[in-house]
There are 2 protein chains.
Amino acid sequence: MADTNICPKFEKALSILNKRWTGLIVFQLLNGSQRFCNIESEIGISGRVLSERLKDLEKEGIVQRKVYDETPVRIEYSLTEKGTALEPVLNEIQNWSDHWVEPQEEPVAK
Amino acid sequence: MADTNICPKFEKALSILNKRWTGLIVFQLLNGSQRFCNIESEIGISGRVLSERLKDLEKEGIVQRKVYDETPVRIEYSLTEKGTALEPVLNEIQNWSDHWVEPQEEPVAK
DNA sequence: TATACTTACTTACATAAAGTAACTTAATTA
DNA sequence: TAATTAAGTTACTTTATGTAAGTAAGTATA
């Protein structure tokens, strides 16, 4: 990969958002704090990748993991302020899709 | 991959934008019509993947390919109206990155 | 005229990322 | 005791991406 002329902050942002599932995970968490298995089933991601992504997003300061020491232990993931700040991005994507994406007739073969 | 409860248009939009390089290619083309080798060098993508992406984006109606029958032939890629409509999305990403992404001290080892 | 160079790709191969399924650990319920 | 749930992890397969070289058509250079 060669050097580019593009703003490195912007590139960094894209390298996060470009990753498969990142957008959907953030979108899902905009609904509020959630458990691992809930995110998994809501967006249809595999546990293997969800685990990986949540770690990445935590490292980026976008997601926070909270352990509630009840019995049984409860773990919840939520957006940080930085993560919540992505809402306008997701809103614009939604807006674009409303205007420009025609509904898919085939909802992905099973 | 399981079924989800998420709006299919939005999912479709994310499946396009989630793909590596899509954002940068659209961003680059927001500067105007450009040739293959120019995009290639500006964003640092490999020719192999650029070729693949441009075909995908053409199929999605986001990019258009124009052949100018000069000699030697000139081929230019540009955004369609649908593609140009992605500008606010990119702007929000830029805005987010300005506020929340701290500059990387290591600009990727060579 | 032969050689090298440019553009817009494609092909072959190597490595990285994602999907699938089974397993783990601890606690809970039937 | 056996089965279930949550939150992962591990091993293995498939897909995506990167790298480098090749191609075809035309251009410039020696």
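Computed from a predicted model, the values in this text were never measured in an experiment. Here is the naming used below: chain letters follow the sequence lines, and residue numbers restart at 1 for every chain.
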Search all heavy atoms of A:N38 against all heavy atoms of A:Q28 and return the closest pair with its distance. OD1-NE2, 4.4 Å
Which whole-number value in Å describes the distance from B:I75 CD1 to C:dT6 P? 18 Å
For B:L54 and C:dT7, give me the distance from atom CG to atom P, rounded to whole Å. 16 Å
Tell me: CD of A:E70 to P of D:dT5, nearest whole Å? 19 Å
Between B:Y68 and B:K66, is there a side-chain heavy-atom distance shorter than 4.5 Å? yes
Rounding to a whole Å, what distance do you find between A:E40:CD and C:dT20:C1'? 12 Å
Within a strict 4.5 Å, meaning less than it, do heavy atoms of the B:K9 and A:W100 side chains meet? no
Check whether any side-chain N or O of B:Y77 sits under 4.0 Å from OP1 or OP2 of C:dT7, and answer yes or no. no
Name the one of B:T22, B:L29, B:L86, B:I25 that satisfies side-chain contact (heavy atoms from CB on, under 4.5 Å) with B:I62? B:L86
Specify the separation, in whole Å, of atom CZ of B:R65 and atom P of C:dA8. 9 Å
Please determine whether a side-chain nitrogen or oxygen atom of A:R74 lies at a distance below 4.0 Å from atom OP1 or OP2 of D:dA6. no
Please enumerate all residues that pass salt bridge (Lys or Arg N to Asp or Glu O under 4.0 Å) together with B:E87, with sequence neighbours excluded. none
The answer to which of B:G47 and A:F36 contacts DNA chain D further toward the 5' end, by nearest nucleotide, is A:F36
List every contact pair, protein side and nucleotides 27-30 of chain D side both N or O, where the distance is under 3.5 Å.
residue: D:dT27; atom: OP1; partner: B:T71; partner atom: OG1; Å: 3.4

Rounded to whole angstroms, how far apart are CD1 on A:I45 and C1' on D:dT9? 15 Å
What is the distance from NZ of B:K55 to P of D:dT17, rounded to the nearest Å? 15 Å
Roughly how many Å is it from NZ in B:K66 to P in C:dT7, rounded to a whole number? 21 Å
Do B:K55 and B:S51 come within less than 4.5 Å of each other through their side chains, counting heavy atoms only? yes
Atom pair CD/CD1 of A:E11 and B:I43 - distance to nearest 0.5 Å: 9.0 Å
Short N/O separations, protein against nucleotides 14-18 of chain C, under 3.5 angstrom:
residue: C:dA18; atom: OP1; partner: A:R53; partner atom: NH2; Å: 2.6
residue: C:dA18; atom: OP2; partner: A:R53; partner atom: NH1; Å: 3.3
residue: C:dA18; atom: OP2; partner: A:R53; partner atom: NH2; Å: 2.9
residue: C:dA18; atom: N7; partner: A:R48; partner atom: NH2; Å: 3.0

Any side-chain heavy-atom pair of B:F10 and A:I93 under 4.5 Å: yes
In this structure, which one of A:L54, A:T80, A:D56 forms a side-chain contact (heavy atoms from CB on, under 4.5 Å) with A:V63? A:L54
